[in-house]
Participant: 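Below: one structure in C-alpha cells.
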Amino acid sequence: MNKIDETILKLIEKTPVSGEKLSSILGISRVAVWKRIKKLENFGYKIKKSKNGYFVEKASEYLLPYEIKKYLKTVWLGQNYIFFEEIDSTNVYAKKNDLPHGTVVLAETQTAGKGRKGRKWVSEKGKGLYFSIVLKEGIPIDRFLIFSLLFPSVVKAVLEEYIRKTIYIKWPNDLYIKNKKFAGFLIESEIEGNEIHKVVVGIGINVNNENFKNLDRPATSLFLEEGKLINRKKLLADILFKIEHCLENINPEEIIKNVEKSLLWKGKKVYFPEVGLEGVLEGLNPYGGLRIKTNKGIKEIYSGDLTLRSLDT
Ligand code: ATP
Ligand code: BTN
C-alpha cells in the first residue's frame with residue numbers, strides 16, 4: 001500500500017466518492033482508480049460501489065500501517081512500521097536489514113517463525129501478533145538479563161487488561177496460562193567489542209488463534225481463554241505504548257518484582273535437563289537469575305538457553 005492508496009482510503013472511509021472525482025483529485029485515470037480499489041480489496045477492505053461512488057463498508061482486519069496509525073500513541077516505537085502479509089521470520093528480516101531504532105516489523109504469518117535453539121514458532125495467519133522490535137539505543141549490557149525480562153513483564157501487564165485469567169511467566173521468556181504456552185519472546189543481539197549495537201526483540205502472541213495442530217506441547221490463545229475475539233490493532237498499539245514507556249524508565253527492581261510475582265512453578269520442583277540440575281524454584285536474584293534450592297544449597301541460573309522443566313506437572 002502506498003500514499004495514493006492511503007489517500008483513497010481516507011477519502012472513501014466516511015462518505016462515498018465517485019470514481020470520476022477520485023480520478024480528478026488524485027490525477028490518475030479512472031481505470032487506475034479501479035485497479036487501486038481492487039488492490040485495497042485484496043488487502044482485506046470491503047469496498048462497496050453505490051450510485052454515489054465507492055465507500056469502505058468494512059476496514060481490513062490486517063495490521064496494515066494505515067490501520068495501526070489509527071491506534072498508535074507512541075512517540076518513537078513503531079513510528080517506522082514495516083508490514084508483511086507473509087514472511088519467513090520478522091526477526092530474520094530485522095537482523096538482515098539496517099533499520100532505524102524503534103522500527104517494528106510485523107507479519108500476518110511467518111513461514112519459518114523461530115523459537116529458541118532452532119525451534120519453530122507456529123504463526124497462524126491473521127490470528128496472532130508476530131512482530132520484531134529493533135533497538136539500537138539505551139541497551140544496558142551489564143543488566144541484559146533484566147532488560148530481556150522487561151518484555152514478558154510488560155506484555156503480561158497489558159494482556160491482563162484484556163483477559164481475566166492469571167498469566168504466568170516461564171523464566172525467562174514465555175507466557176503461560178495454567179500449563180499452556182501462548183506467547184514467546186526471542187531476543188537476539190549483535191555484539192561488537194564491548195557494545196551491543198543492535199537488539200531484535202521478537203514477540204509472538206496467540207491472540208485469536210484456534211489451530212494448534214502442528215504443536216508438540218500444550219498451547220492456548222487469548223481468544224480461547226477469554227471466549228471472545230480481541231482487537232489485534234488496539235492490542236499491538238497498547239503493547240508498543242507500554243514497552244516504549246518502560247524502555248524510557250527502566251526500573252530493574254520493578255521488573256524483578258513483576259516477574260517474580262508471576263513466576264511459573266515458583267515453590268515447585270523443577271529441573272534443567274541439559275545440566276542435570278534439580279531443586280525447588282525459589283525466585284529471582286537481583287540480577288534476574290533464577291534461585292534454585294538444591295540439596296547442595298542455592299544455585300543461581302543465568303543462562304536462558306537452559307531448558308526449565310517442572311517435576312510436579
Ligand atoms: P524452553 O526451552 O524454555 O523450555 P520451549 O520448550 O517453549 O522453551 P522455545 O524455543 O522457547 O521452547 O519455543 C519454541 C516452542 O514453542 C516450540 O518447540 C513449540 O513447542 C512451542 N510453540 C511454537 N509455536 C507456538 C505457538 N504459536 N503457541 C504456543 N507454543 C508454540
Ligand atoms: C519462543 O517461544 O521461544 C520464542 C518465540 C518467538 C516468536 C516470535 S514471532 C515474531 C518473531 N519472529 C520470529 O521468527 N520469532 C519471533
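All ligand and atom numbering here is 1-based and tracks the order in the structure. Throughout, numbering of the chain's residues begins at 1 and tracks the sequence.
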Participant: For ligand 2, which atoms sit closer than 4.0 Å to a heavy atom of G113?
Facilitator: 14 (O)
Participant: Enumerate the atoms of ligand 1 whose separation from the nearest heavy atom of L215 is less than 4.0 angstrom.
Facilitator: 22 (N), 23 (C), 24 (N), 25 (C), 26 (C), 28 (N), 29 (C), 30 (N), 31 (C)
Participant: With side chain to side chain contact (heavy atoms under 4.5 Å, CB included) as the test, would you mind laying out the steps for E244 and V75 before giving the verdict?
Facilitator: CA-CA 8 Å; E244 180 182 270; V75 175; 3.9 Å; yes
Participant: Indicate, as side chain, backbone, both or neither, the part of N209 found under 4.0 angstrom from ligand 1 when only non-hydrogen atoms are considered.
Facilitator: neither
Participant: For ligand 2, is there an N or O atom under 3.5 Å from any N or O atom of Y130?
Facilitator: no
Participant: Is S221 reaching over with its side chain to a backbone N or O of N209, donor-acceptor style, under 3.5 angstrom?
Facilitator: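 Pair found, side chain donor or acceptor close to backbone of N209.
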Participant: List every atom of ligand 1 that sits less than 4.0 Å from any heavy atom of K120, numbering the atoms from 1 in the order shown and giving each element.
Facilitator: 14 (C), 17 (C), 23 (C), 24 (N)
Participant: Determine whether E57 and K46 satisfy the following criterion, salt bridge (Lys or Arg N to Asp or Glu O under 4.0 Å), listing intermediate values before the conclusion.
Facilitator: CA-CA 5 Å; E57 202 173 48; K46 289 223 164 62; over 6 Å; no
Participant: Number the atoms of ligand 2 from 1 as they appear, then name those within less than 4.0 Å of a heavy atom of W121, with their elements.
Facilitator: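 Under 4.0 Å from W121, ligand 2 has these atoms: 2 (O), 5 (C), 7 (C), 9 (S).
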Participant: Do K170 side-chain atoms and L175 backbone N/O form a donor-acceptor pair below 3.5 Å?
Facilitator: no
Participant: Distance to 0.1 Å, residue and atom name: give those for the protein heavy atom nearest to atom 12 (O) of ligand 1.
Facilitator: R119 NH1, 2.8 Å
Participant: Flag yes if I139 and L150 sit in one hydrophobic cluster, no otherwise; membership is Ile, Leu, Val, Met, Phe, Trp, Tyr, and two members link when side-chain heavy atoms are under 4.5 Å apart.
Facilitator: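 Yes, one cluster joins them.
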Participant: Considering only the protein, which heavy-atom contact is closest to atom 10 (C) of ligand 2, and what is its distance?
Facilitator: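 For atom 10 (C) of ligand 2, the nearest protein heavy atom is T90 OG1, 3.3 Å.
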Participant: Evaluate the ring planes of Y62 and F83, with Trp represented by its six-membered ring, and classify them as parallel (under 30°), tilted (30 to 60°) or perpendicular (over 60°).
Facilitator: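 Rings of Y62 and F83: tilted, as their planes differ by 30° to 60°.
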Participant: Could you check whether any heavy atom of R119 sits closer than 4.0 Å to an atom of ligand 2, since that is the contact criterion I want to use?
Facilitator: no
Participant: For the pair N208 (side chain) and F223 (backbone), establish whether a donor and an acceptor sit closer than 3.5 Å, ignoring hydrogens and angles.
Facilitator: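 Here the side-chain-to-backbone pair does not exist.
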Participant: Pick, from Q110, K114, K95, the option with the minimum heavy-atom distance to atom 12 (N) of ligand 2.
Facilitator: Q110
Participant: With nothing but distance in play, are any N or O atoms of K181 less than 3.5 Å from an N or O of ligand 1?
Facilitator: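 Yes: some nitrogen or oxygen of K181 is under 3.5 Å from one in ligand 1.
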Participant: When you measure from the side chain of T103 to the backbone of P100, do you find a donor-acceptor pair of N or O atoms at a distance under 3.5 Å?
Facilitator: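 Yes, the answer is positive, given that a donor and an acceptor are paired below the 3.5 Å cut-off.
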Participant: Do L186 and V199 belong to the same hydrophobic cluster, where Ile, Leu, Val, Met, Phe, Trp and Tyr are linked whenever their side-chain heavy atoms lie under 4.5 Å apart, directly or via other members?
Facilitator: no
Participant: Please state which protein non-hydrogen atom is closest to atom 6 (O) of ligand 1 and give its distance, to 0.1 Å?
Facilitator: R217 NH1, 2.8 Å
Participant: If only atom types and distance count, is the side chain of E226 paired as donor or acceptor with the main-chain N or O of R164 below 3.5 Å?
Facilitator: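 Looks like yes, one N/O pair under 3.5 Å.
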Participant: State whether the shortest distance between N or O atoms of K181 and N or O atoms of ligand 2 falls below 3.5 angstrom.
Facilitator: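 Looking only at distances, the answer is yes, because the N/O contact criterion of under 3.5 Å is met.
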Participant: Give the atom numbers and elements of ligand 1 that come within less than 4.0 Å of a heavy atom of T307.
Facilitator: 2 (O), 4 (O)
Participant: With a 4.5 Å heavy-atom cut-off, do T109 and E85 have their side chains touching?
Facilitator: no
Participant: Considering only non-hydrogen protein atoms, determine which one is nearest to atom 8 (O) of ligand 1 and report residue, atom name and distance to 0.1 Å.
Facilitator: D174 OD2, 3.5 Å
Participant: Around atom 3 (O) of ligand 1, find the nearest protein heavy atom and jot down its residue, atom name and distance.
Facilitator: R116 NH2, 2.6 Å
Participant: Is there a heavy atom in K180 that sits closer than 4.0 Å to ligand 1?
Facilitator: no
Participant: For ligand 1, note which part of V122 has a heavy atom under 4.0 Å away: side chain, backbone, both or neither.
Facilitator: both
Participant: Is there a heavy atom in W121 that sits closer than 4.0 Å to ligand 1?
Facilitator: yes
Participant: Evaluate salt bridge (Lys or Arg N to Asp or Glu O under 4.0 Å) for K257 paired with E253, printing each intermediate quantity in order.
Facilitator: CA-CA 6 Å; K257 204 174 83 197; E253 289 74 33; over 6 Å; no
Participant: If you measure from each heavy atom of K170 to ligand 1, is any distance below 4.0 Å?
Facilitator: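 The answer is yes: ligand 1 sits under 4.0 Å from a heavy atom of K170.
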Participant: Indicate if F84 and V104 have the same hydrophobic cluster label, given that clusters are the connected sets of ILVMFWY residues with side-chain heavy-atom separations under 4.5 angstrom.
Facilitator: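 No, F84 and V104 fall in different hydrophobic clusters.
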Participant: By number and element, which atoms of ligand 1 are closer than 4.0 Å to a non-hydrogen atom of N206?
Facilitator: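 So the atoms of ligand 1 that pass are 26 (C), 27 (N), 28 (N), 29 (C).
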Participant: Students should be able to answer this: which protein heavy-atom is nearest to atom 3 (O) of ligand 2, and at what distance?
Facilitator: R116 N, 3.3 Å
Participant: Can you tell me the protein heavy atom closest to atom 20 (O) of ligand 1 and the distance?
Facilitator: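 Among all protein heavy atoms, the one nearest atom 20 (O) of ligand 1 is D216 OD1, 2.7 Å.
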Participant: Indicate, with yes or no, if I169 and L290 share a hydrophobic cluster defined by side-chain heavy-atom contacts under 4.5 Å among Ile, Leu, Val, Met, Phe, Trp and Tyr.
Facilitator: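 As far as the 4.5 Å side-chain criterion goes, I169 and L290 are connected within one cluster.
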Participant: Does only the side chain of I203 get under 4.0 Å from ligand 2, or the backbone, or both, or neither? Count heavy atoms.
Facilitator: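 Backbone only.
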